[in-house]
Each structure stands twice: as C-alpha cells, then as structure tokens.
Amino acid sequence: MQDRPANSIHFVAAFLTGGLLSLMVLFNGTLATYGSLFFASWVPHLTGTVAALLFLAVMRPKRAEAARPPLWVYLGGVSGAITVMLTSATLNSALALSGTIALGLAGQMIFSLIADMRGMFGLPQRMPVSRDFVAVALVIGGSLILIFFGGAP
Amino acid sequence: MIFYAALAVLAGVLVSLSRQINGRLALSTSAMESSFWNHLVGLVFITAVALLIGGLFAGDPLASPWWAYLGGTVGVIFIAMGSWLIQRIGAAQTALMIIAGQMVSGVVLDVVMGAPGNVWARIAGVGLILAGMLVAQTGKRKIRQVPAGAKR
C-alpha cells in the first residue's frame, strides 16, 4: 500500500466523481420536468461555462504546454451535447430509462477498453489484465441488477 | 428497436469519447481549462441546434426550484475530474469507477429521498459493485509490485 498511495486516491476520487454524476442527473432531470430537454442541457452548459471561468480565475492552473494543441481536442463538448440528444430520443422509445442506461454503460465500457488498448487520442496505451475484466463484469453486473430490479438509476 | 438500441450504445460511446478528447486537451492545458472549453463549445452547439429546431423555452422552466440550476457547477467539477483521472488511471478504470460511484450514490439518494425500490436487488447490486471495485484495486497493486522488485 505504502508504495502507491496515490493509486487508492484515484479510485476514491473516481468513485466520488460518479456521485457528482448522480447529483447532475437529479438537478438536470428536475429542470427537464419543468422545461424542455434542450433547456435541461442548455442551462447547465451556460451556468457551467460561467462557473468554469470563475474556477479558472481563482485556481489559475498552470498550462501544461506552451504549444497549441490540435483543434479537434476542443470538440469534446460537442460529443457530450450529442449524447444528451441521443438519450432523449431513446428514453421515449421502448428502451425507456433502464434500457438507455444499461446499453449506454455497455457502449461506454467497451469503447473505453478499446481506447485504452490502442492508446487512442494521444492518451497513454494500457493493456487490461484478466483481473480488470473480472472487475468490469462485477461492476456492470451489479449495475444491471440495480437498473432492472432495484428501482434505480 | 435495434435502431434505438444502437443509438443508446452510441450515446455511451460518446460519453467515453468526450472524456478522452477532454483528457487530451487537459494534457496540453489543464483539467479545469478542458472543462471550460467542454462547456463553452457544448453551449454554442446546443444553442445552434435549439435555434434550428426551436422549443428551447417550452414548458414552464422558471417554475423549477432554484437548486435545479446547480447542475452546471457540479458538471464543471465532474468534467475536470474526468480529464484529471483519465490520464492517470486510463479510460476504462475511470469509466468503471465513475459508473460504480454513480450507481451506489444513486441508491443512497433513492433511499434518502424515500424512492420505492427492491431492497434485495439494491443490496445485491451494491455488493457486486463494491466487490468489483475491490478486485480492480487489488489487481492494480499486484501489477505495480512486480516491476518494483517485490516478487515473492
């Protein structure tokens, strides 16, 4: 343990980050019950832009590189915005909420594994080991039980 | 049905894609700056599509409670954390732990807010997820011990 304490910190941080996602679903989902689905995505992007500017002004993080990155790295927000539109379409189909979440988890996990194995988008390459697949099976299995039988997301 | 299933899978792929692109931007800038660009570019994109299709202010959006407007601020931290994590533990581990955190906290929120649900399914689901996290953790530690010369 003492040789890599940072490793546990990353796991805990990622777990807590998932908790933030639950709060976002609650907040943005509440917006969607009063306004349109567009509104429920437009407002958090607007307030988020302002909040990020404030965070940047206070934190003043150092830029990692002086060189300008390629333009495509600025398009992550488009991918995120399209996600909202796709899920609003599938929510109203026979898939409903549980099917949308379950298939979304599958897509996210499979693509993440492929991206790691190939070192896509200039990120470090990582080969998963058999234990990683056991972990994926357990977490996704537990998630599917919660989605279909637990009355959650 | 297959069409919608494909769309739902694609939505998951795009979540991961977005995190990777933002993570790449953070490699050149910072996690918070990647979160800023994610929100600004997303805002411009959604505004354009909403103007094209219309109905942005349909319904009664002003009637929603004030706290529902906090999603953006939480989202900024969420995206910045994703960018910070993906370069340290990889896309798959990041996705897996975020999913675990979302699911478990979702159950906690449901219980706190008194949402109906099956107790046994919740116990089984959370138990499996926690077991998976434990496996992921011990696995990582084992791998990292080998190059450190800690063979036994």
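Every chain is numbered from 1, with letters handed out A, B, ... down the list of sequences.
Annotation: maximal heavy-atom pairing with chain A below 4.5 Å, among I129(B), V126(B), N118(B), L130(B), occurs at I129(B). Between chain A and the residues A131(B), A124(B), A121(B), the most heavy-atom pairs under 4.5 angstrom are made by A121(B). Among A40(A), G141(A), G104(A), the residue with the largest count of heavy-atom pairs under 4.5 Å with chain B is G104(A). For the options T87(A), I82(A), V134(A), heavy-atom pairs under 4.5 Å to chain B are most numerous at I82(A). Interface check for chain B: of the options N28(A), V43(A), L56(A), L113(A), the most heavy-atom pairs under 4.5 Å are formed by L56(A). For chain A, the option among G55(B), A95(B), S35(B) with the highest count of heavy-atom pairs below 4.5 Å is A95(B). The candidate with the highest count of non-hydrogen atom pairs below 4.5 Å against chain A, out of N22(B), L56(B), L40(B), is L56(B). Counting heavy-atom pairs closer than 4.5 Å to chain A, the top-ranked of the candidates M32(B), M81(B), M133(B), R19(B) is M32(B). Most heavy-atom pairs under 4.5 Å with chain B, from the set T100(A), L144(A), V78(A): that is V78(A). Most heavy-atom pairs under 4.5 Å with chain B, from the set D116(A), L20(A), I145(A): that is D116(A). Taking M85(A), R68(A), M59(A), R63(A) one by one and counting their heavy-atom pairs under 4.5 Å with chain B, the maximum is reached by R63(A). With chain A as partner, the option from L43(B), V76(B), V9(B) having the largest number of non-hydrogen pairs under 4.5 angstrom is L43(B).
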Residues W72(A), F121(A); criterion side chain to side chain contact (heavy atoms under 4.5 Å, CB included); working and verdict: CA-CA 10 Å; W72(A) 60 263; F121(A) 303 105; 3.7 Å; yes
Side chain to side chain contact (heavy atoms under 4.5 Å, CB included) evaluation trace for I99(B) with M109(A): CA-CA 9 Å; I99(B) 290 167; M109(A) 216 48 247; 4.2 Å; yes
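No more than 12 heavy atoms of other residues, nucleotides or ligands shown are found within 6.0 angstrom of OH on Y4(B).
Using bins of under 30°, 30° to 60° and over 60° for the plane-to-plane angle, the ring pair H45(A)/H39(B) lands in the tilted bin.
By the 4.5 Å heavy-atom criterion applied to side chains, I86(B) and R24(B) are not counted as neighbours. The side-chain heavy atoms of M103(B) and I101(A), taken from C-beta on, include a pair separated by under 4.5 Å. Residues L86(A) and T90(A) form no side-chain contact, since every pair of their non-hydrogen atoms from C-beta on lies 4.5 Å or further apart. Taking 4.5 Å as the limit, every side-chain heavy atom of Y69(B) sits out of range of all side-chain heavy atoms of F27(A). In this structure, the side chains of S112(A) and T94(B) stay at 4.5 Å or more apart for every pair of heavy atoms. For the pair V15(B) and F111(A), the minimum side-chain heavy-atom distance is 4.5 Å or more. Annotation: side chain of D132(A) is in contact with side chain of Q93(B) (closest heavy-atom distance under 4.5 Å). Between R122(B) and L146(A), the closest side-chain pair of non-hydrogen atoms falls below 4.5 Å.
For L46(A), the parts lying near chain B are the backbone and the side chain together; criterion is any non-hydrogen pair under 4.5 Å. For a residue to count as touching a neighbouring chain, one of its non-hydrogen atoms must lie under 4.5 Å from one of that chain's; by this rule A13(A) touches chain B with backbone and side chain alike. For M113(B), the part sitting under 4.5 Å from any heavy atom of chain A is the side chain, from C-beta outward, and nothing else. Using a 4.5 Å cut-off between heavy atoms, L96(B) contacts chain A through both its backbone and its side chain. Contact of I53(B) with chain A is made through the side chain alone, with heavy-atom distances under 4.5 Å. Of the atoms belonging to L27(B), heavy atoms from both backbone and side chain fall under 4.5 Å from chain A. In this structure, the portions of V136(A) lying under 4.5 Å from any heavy atom of chain B include both its backbone and its side chain. Residue contact with chain A, scored on non-hydrogen atoms closer than 4.5 Å, is absent for I79(B). In this structure, chain A has no heavy atom under 4.5 Å from any part of A115(B). Contacts of M117(A) with chain B are absent, with no heavy-atom separation under 4.5 Å from either backbone or side chain. For F45(B), the part sitting under 4.5 Å from any heavy atom of chain A is the side chain, from C-beta outward, and nothing else. For P124(A), the part lying near chain B is the side chain, with the backbone staying farther off; criterion is any non-hydrogen pair under 4.5 Å. Only the side chain of W84(B) comes within less than 4.5 Å of a heavy atom in chain A; its backbone stays farther off. Residue L10(B) touches chain A through both its backbone and its side chain, counting heavy-atom pairs closer than 4.5 Å.
Note that OG of S16(B) and CG of L14(B) are 9.5 Å apart. Values are rounded to the nearest 0.5 Å.
S30(B) places no side-chain N or O within donor-acceptor distance of the main-chain N or O of K62(A), the cut-off being under 3.5 Å.
Considering only residues two or more places apart in sequence or on other chains, S105(B) meets the side chain to side chain donor-acceptor pair (under 3.5 Å) condition with S22(A).
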